[in-house]
Amino acid sequence: MTGTVNKLRAWKRLERHAKKMKKIEMRDMFEQDNKRASKFSLQLESMLVDFSKNRVNEKTLVYLLELARVRGVEEKIQAMFSGEKINFTENRAVLHTALRNRDNTPVYVDSKNVMPQINEVLAKMRKFSEAVRFGKFIGYTGKKLTDIVNIGIGGSDLGPVMATEALKKYKAKDINTYFISNIDGTACAEVLNKLNPETTLFIVASKTFTTIETLTNAKTCRKWLVDALGEHAVAKHFVALSTNAAKVKEFGIDTENMFEFWDFVGGRYSMWSAIGLSIAIAVGMDNFEKMLEGAHTMDLHFRHTDLAHNIPVMLALIGIWNNNFLGLRSQAIVPYDQYLRLLPAYLQQLEMESNGKFVSADNEFVKYDTGNVIFGGAGTDVQHSFFQMLHQGTTPIPVDFIIPAISHNEIGDHHEILIANVLAQAEALMKGKTVKETAEELAKAGKDKEAVDALKKYKSFPGNNPSNTIICKKIDPYTLGMLVAMYEHKVFVQGVIWNINSFDQFGVELGKKMALDILPELQENASSINHDSSTAALIRYIKNLRK
Ligand code: F6P
């Protein structure tokens, strides 16, 4: 089904409904219905997703589910899993789910079952990661490889760096992981300064193997290694993760040392593929496979559960409601778990690169908002930074709170304090504190009328700020897999409803190309500088400073 999404009856009905809902306070809905929490939450195994602190009622859900149905969400879910080429601008299947298809049921792309090749690479990853971990694949001078450097950017960095941090407790004691992504020479220098070439393994991770940042960083690292150990050492200290064997070879890495994946795996959906090699070396292949199993559990839930009980679908619909109908375009992600501190950055790419699109599947410019602005950080740190704006800013900012019931580090009462904080934040954002309540509180605390009047507005809280609370038992590899897959599918459903392609990323091209034009102009002897007056002046100014 196509058509302009915001012209659909289901959309129009939601717009009318939103006018009424905007006047309703969540705190009143909670007071009127003591079953609200159970009505508006879903559970999968030990993961609970409570979306009751949103400005929704039963009707809202009925209308949102109707929108999902008329947009063909059920059919699109099946189309993705069955290998249809739903990435229509690039004519590609979208099969990150096949990478973690632990049932090994056949999945076909162009009539070919892709499972055998996926299993082959997983077996190669197991063999190699174990050989490195147990000192069988060793460096050129015979030393154990203990320092693993992943060189990649975007999807070839954010998944591995986030997951190795999230699973730090599972990491082998004698393995250190490092990540070089930024083209800024400092990124390379700071990592290389810490390392001994004899014990260092470089993993060059790039789907295309054409990304300038990654290739430049890899060349610098290669030179550093060759300067220390000679050209022959490269085969023992460099491996590549890519879909592009020709480019890997051209770079000087033997394709024997290449771990393959395929163009049906998008960059930001690739940590389940060979791109996860650094994760597998750090935490072991058994744990890597547990992560795949967790994701698979979420996949099965997503694929086979009706829309109303489907966690990723409901999260997607709540997000659409907040964005398109309540006008709340930001989304904060706040994990209350130190090990998940990089999850917001990971989800920022996942959501914003997937759904930051302005052309519909009908080849028309969309006339409604798409992707959300994603930001976040670890609780409680961010309570002391941007939370002021969540509590007293002029526009509500929906939040996803994520917390494990059990910490990997149960020290004293730290975790109880952490839990108390996350629950209090969600409750405070929902309830707020009216000016009247604030005045009463101030008076009770002994303030005179003048002081009460002077402060009562400043110290009040509008409340009614939406949030979801996601509770897991513990952040283990399986749970991490579930969590990340949940967000992947949420993003997918939103893309279906917005009628956009969540799987291309042409938006990153223009700036990249223009950087290549500017590069020669930065040279001392550049013949001309052809830009708008601002860019041209900035180039001249910087050149002058660099003299
Ligand atoms: O930023 C654009 C992008 O293509 C991302 O989608 C991707 O994750 C990243 O660059 C890295 O690409 P590659 O893995 O091909 O080096």
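All ligand and atom numbering here is 1-based and tracks the order in the structure. The structure displayed is predicted, hence computed values, not measured ones.
Near Thr211, with a cut-off below 4.0 Å to any heavy atom, the atoms of ligand 1 are 12 (O), 13 (P), 15 (O), 16 (O). Which parts of ligand 1 touch Gly155 is read off a 4.0 Å heavy-atom cut-off, strictly below it: atoms 7 (C), 8 (O). Numbered from 1 in the order shown, with element, the atoms of ligand 1 that lie under 4.0 Å from a heavy atom of Ser156 read 13 (P), 14 (O). Short contacts between ligand 1 and Gly154, defined as distances under 4.0 Å to a heavy atom of the residue, involve ligand atoms 8 (O).
The closest side-chain heavy-atom distance from Trp498 to Asn324 is below 4.5 Å.
The shortest N or O to N or O distance between Ser206 and ligand 1 is under 3.5 Å.
Note on Glu120 versus Lys124: no salt bridge recorded, every NZ/NE/NH1/NH2 to OD/OE distance being 4.0 Å or above. In this structure, Glu165 pairs ionically with Arg341, as a charged nitrogen and a carboxylate oxygen lie closer than 4.0 Å.
Between the side chains of Asp299 and Thr97, no donor-acceptor pair is found at a separation under 3.5 Å. Of the N and O atoms on the side chains of Ser502 and Lys357, not one donor lies less than 3.5 Å from an acceptor on the other residue.
The protein non-hydrogen atom at the shortest distance from atom 6 (O) of ligand 1 is Glu353 OE1, 2.7 Å. At the top of the distance list for atom 15 (O) of ligand 1, counting protein heavy atoms only, stands Thr208 OG1, 2.6 Å. Nearest to atom 4 (O) of ligand 1 among the protein's heavy atoms is Gln505 CG, 4.1 Å.
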